[in-house]
Amino acid sequence: MTILKTYARLWSDDMDAALAPLRELTGAEPDLRMPFESVELAAIGDFLVIAGPAAARDRYRGATATVVVDDLDRTAALLAAHGARVTVPPARSATGRFLYARHADGAEVEYVQWLPELVERVIGPGARAVRPTGA
């Protein structure tokens with residue numbers, strides 16, 4: 001199991017306003033920008049911007065970070081072996097699969113296994129990626 005990328009989460013009412021300074025800070029455009037349920041997500045540099053009305057964003061506030069891994073099932077097993085509890089079971093999204101887990105110390109983290117084509121585009125060729133299975 002390998003961590004491919006970690007994102008700090010940023011919260012905003014307005015995605016375009018949030019992205020303006022991040023474009024300048026990172027010198028890049030977002031790697032992805034998409035709707036997800038009742039919010040909009042954008043990944044740029046090492047930031048994941050979650051934008052939308054406060055009530056819609058509150059559903060995701062418990063997680064302190066988003067961690068992209070190469071194998072979600074192995075990650076879940078490793079976390080469980082260390083006392084973590086899955087709080088949102090594995091589910092599919094446009095980018096692959098994800099789950100939320102509360103670590104034994106109380107920190108909650110979103111773990112994501114991206115589709116191989118997204119790993120190659122964002123992380124780069126040669127990054128280890130397995131095709132997500134199950135849901």
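- Rounding to the nearest 0.5 Å gives a distance of 9.0 Å between OG1 of Thr26 and CG of Leu19.
- Minimum heavy-atom separation, Tyr7 to Val68: CE1-CG2, 4.0 Å.
- Counting all heavy atoms, side chain and backbone alike, Glu108 lies closest to Gly62 at CB-O, 3.5 Å.
- For the residue pair Asp71 and Met1, the shortest heavy atom distance occurs at O-CG, 4.0 Å.
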Cut-off 3.5 Å, no hydrogens considered: what does the side-chain donor-acceptor table look like for residues 40-56, sequence neighbours left out?
{"unit_1": "Glu40", "atom_1": "OE2", "unit_2": "Arg33", "atom_2": "NE", "d": "2.6"}
{"unit_1": "Glu40", "atom_1": "OE2", "unit_2": "Arg33", "atom_2": "NH2", "d": "3.4"}
{"unit_1": "Asp46", "atom_1": "OD1", "unit_2": "Lys5", "atom_2": "NZ", "d": "2.7"}

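- Listed by first then second residue, pairs satisfying ring pair (Phe, Tyr, Trp, His ring centres under 6.0 Å) with a partner in residues 78-99 read Phe36-Phe98, not counting sequence neighbours.
- Under the 4.5 Å side-chain contact rule for hydrophobic residues, Leu25 and Leu32 do not share a cluster.
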Could you go through Gln113 and Asp73, starting from their C-alpha distance and side-chain angles, then the distance that decides it, and tell me whether this counts as side chain to side chain contact (heavy atoms under 4.5 Å, CB included)? CA-CA 9 Å; Gln113 180 182 342; Asp73 296 323; 5.6 Å; no
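- Nearest heavy-atom pair across Val39 and Arg57 is CG1-N, 4.0 Å.
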Test Leu79 against Tyr111 for side chain to side chain contact (heavy atoms under 4.5 Å, CB included), laying out the working first. CA-CA 11 Å; Leu79 293 169; Tyr111 290 92; 3.4 Å; yes
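- Separation of atoms OH (Tyr100) and OG1 (Thr66) is listed at 6.0 Å; rounding is to 0.5 Å.
- Distance check: Leu115 CG to Arg121 CZ gives 10.5 Å after rounding to the nearest 0.5 Å.
- Here the side chains of Val88 and Leu99 are not in contact, with every heavy-atom distance at 4.5 Å or above.
- Taking each heavy atom of Ala63 and Trp11 in turn, the nearest pair found is O-CZ2, 4.3 Å.
- Here the closest heavy-atom approach between residue Thr2 and residue Asp70 is recorded as N-OD1, 2.8 Å.
- To the nearest 0.5 Å, atoms CD1 (Ile3) and OG1 (Thr75) are separated by 7.5 Å.
- Partners of Asp58 under the side-chain contact (heavy atoms from CB on, under 4.5 Å) rule, at least two apart in sequence or in another chain, are Arg61.
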Given side-chain hydrogen bond (donor to acceptor under 3.5 Å, both in side chains), test Glu110 with Tyr60 step by step and report yes or no. CA-CA 9 Å; Glu110 176 191 30; Tyr60 310 100; over 6 Å; no
